Visitor: 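Quick one: structure below, then a few questions.
On a predicted model such as this, the values are computed, not experimentally measured, just so you know. Lettering of chains follows the sequences in order, A, B, ..., and the numbering in each one begins at 1.
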2 protein chains.
Amino acid sequence: MKVEVKLNPSKEEVIDLFSRGLSTEAIVTIFARCNVSYDGRAKSELGLGDRVIIIKPDGSFLIHQKEKREPVNWQPPGSSVSLKIGEDKLILRSVRRKPKEILEVGLIDVYLLSYFQAEDYESLALMGSEAEMADLVFENPELIEPGFKPIFKEKSIRHGIIDILGKDKDGNIVVLEFKRRRADLHAVSQLKRYVETMREEYKNVRGILVAPSLTSGAKRLLEKEGLEFKKLTPPKKEKSRKGRQKTLFD
Amino acid sequence: MKVEVKLNPSKEEVIDLFSRGLSTEAIVTIFARCNVSYDGRAKSELGLGDRVIIIKPDGSFLIHQKEKREPVNWQPPGSSVSLKIGEDKLILRSVRRKPKEILEVGLIDVYLLSYFQAEDYESLALMGSEAEMADLVFENPELIEPGFKPIFKEKSIRHGIIDILGKDKDGNIVVLEFKRRRADLHAVSQLKRYVETMREEYKNVRGILVAPSLTSGAKRLLEKEGLEFKKLTPPKKEKSRKGRQKTLFD
DNA sequence: TACTACATGTCGGGA
DNA sequence: TCCCGACGTGTAGTA
């Protein structure tokens, strides 16, 4: 049986179903009225309300309110969960070792408890990352400018890691920084850091920010610093593989 | 009835329960074998497997595999969901308008479908943020050094926003940048950007990175740039309120 | 483990 | 709306 579910379970049924879910490497999902305390890197309190609680077999622990993409509280993979019997309620507790973090959920009223023995051997194939932009340029340097020659990819230097380091047709050293989305001040600062580091050792160092667009502030700073911009949108091509996956959109 | 649930629902039952869940502003949760296609800012494909799907009344759409804190695919709040009848399967589709993004889930086998009319009027009270560090220093400037006088908080300048801008006992301008956790290269670059912007107009500008600690690289860059470090850990004090919330830890 | 940087980041605040 | 920066960011890759 892949799924077990109990509506309005008693305390004993919660304990039973929860422990069976845990031991069978299932995803445990709980709909409950609860309050939540967290203490770790920060500290938080959440008063009573109805939430969806998900506990994954890898220790991930999610508490979702009825809005937003983000869980209101959580614990990352590797955390250890336990269910304790409090005075008048059950308490779910998840502990992370390093850094030490404790999440406690007071289960005031459990509306539903379920577990799901999910079988999943697939992982996501994503297209359009910054890495793919850099790969594309490394293979097709003329996308930057005629005569550009990439030399290093992911080149570690004193104060960071340069996406692509190369030379232009005049022998200038060129630092490329890629952004898959509109580049902001942060991106310019990053490029500037790499360029300044290279200039400690070399003359004639150019810095080019490669992105689909720039924020107004990024453009301002880029120009002030004498850095350059090259418009390029990340490719959404599938990486060449033997068996091509058909998509739902086909 | 707050919760409705159906094990191994038929197509018709999926359609019925799903639409009732949507119309009642409930959180809809589905355990299913599915495949997923996404196209928008990036593009992705996910082959067949068992996942937990959550659709919130604000349009948030989450697809969780059995590992990790992060959903493998998602749609943010404001997206519009619909359920279509495909040739041999149901297809869940969520559309975001701007930027245009489409998420499609092919429901091969629905093990469980439920909805949960969650009532929740509470929001998270979090302690230990960077903003609280800055507030603390604004109230207690001597935490930085004797004679420090904070003047502006969240001061917008040409290339960014300075956390705290003030003067030291000798009349030097002081830029403070706060990090609630170990500060890295990025943090130093950020501080350097603010300091350089201020130096366009003023002499004697100091920059101090205020954080619990520094990465090795951050320390290296900070020293090279003549910037300073002040160790400070974010406070986890509750903001003063009338009714103090008792925690589960009490 | 620490460091570095990406992310379909998400989210909130301010102009 | 865009811009800017924080986030208990999480996550992957690498030394």
Visitor: I want to check one thing: is the phosphate of dG8(D), taken as OP1 and OP2, less than 4.0 Å away from some side-chain N or O of Lys43(A)?
Guide: no
Visitor: Under 4.0 Å between a side-chain N or O of Arg193(A) and OP1 or OP2 of dA5(C)?
Guide: yes
Visitor: With a 4.0 Å limit, can you tell me whether Arg96(A) has a side-chain N or O closer than that to the phosphate oxygens OP1/OP2 of dG8(D)?
Guide: no
Visitor: May I have the distance from Glu154(A) (atom CD) to dT14(D) (atom C1'), rounded to whole angstrom?
Guide: 10 Å
Visitor: Does Arg41(B) have a side-chain nitrogen or oxygen under 4.0 Å from the phosphate oxygens OP1 or OP2 of dT10(C)?
Guide: yes
Visitor: When the nearest nucleotide of DNA chain D is assigned to Ala131(B) and to Ile161(A) on a heavy-atom basis, which residue is associated with the more 5' position?
Guide: Ala131(B)
Visitor: Mind running a 4.0 Å heavy-atom check of residues 62-71 of chain A against DNA chain C and sending the residues that fall below it, in number order?
Guide: Lys68(A), Arg69(A), Glu70(A)
Visitor: Would you indicate, yes or no, if dA2(C) has its OP1 or OP2 atom less than 4.0 angstrom from a side-chain nitrogen or oxygen of Lys98(A)?
Guide: yes
Visitor: Please determine, for the side chain of Thr215(B), which listed nucleotide (dT4(C), dA7(C), dC6(C)) has the closest atom?
Guide: dT4(C)
Visitor: When the C1' atoms of dA5(C) and dC7(D) are compared, how many Å lie between them, rounded to an integer?
Guide: 16 Å
Visitor: Whether Arg181(B) contacts dG8(D) is assessed here as follows: a side-chain N or O lying under 4.0 Å from the phosphate OP1 or OP2. Is that the case?
Guide: no
Visitor: Any donor-acceptor pair under 3.5 Å between the side chain of Asp39(B) and the base of dT8(C)?
Guide: no
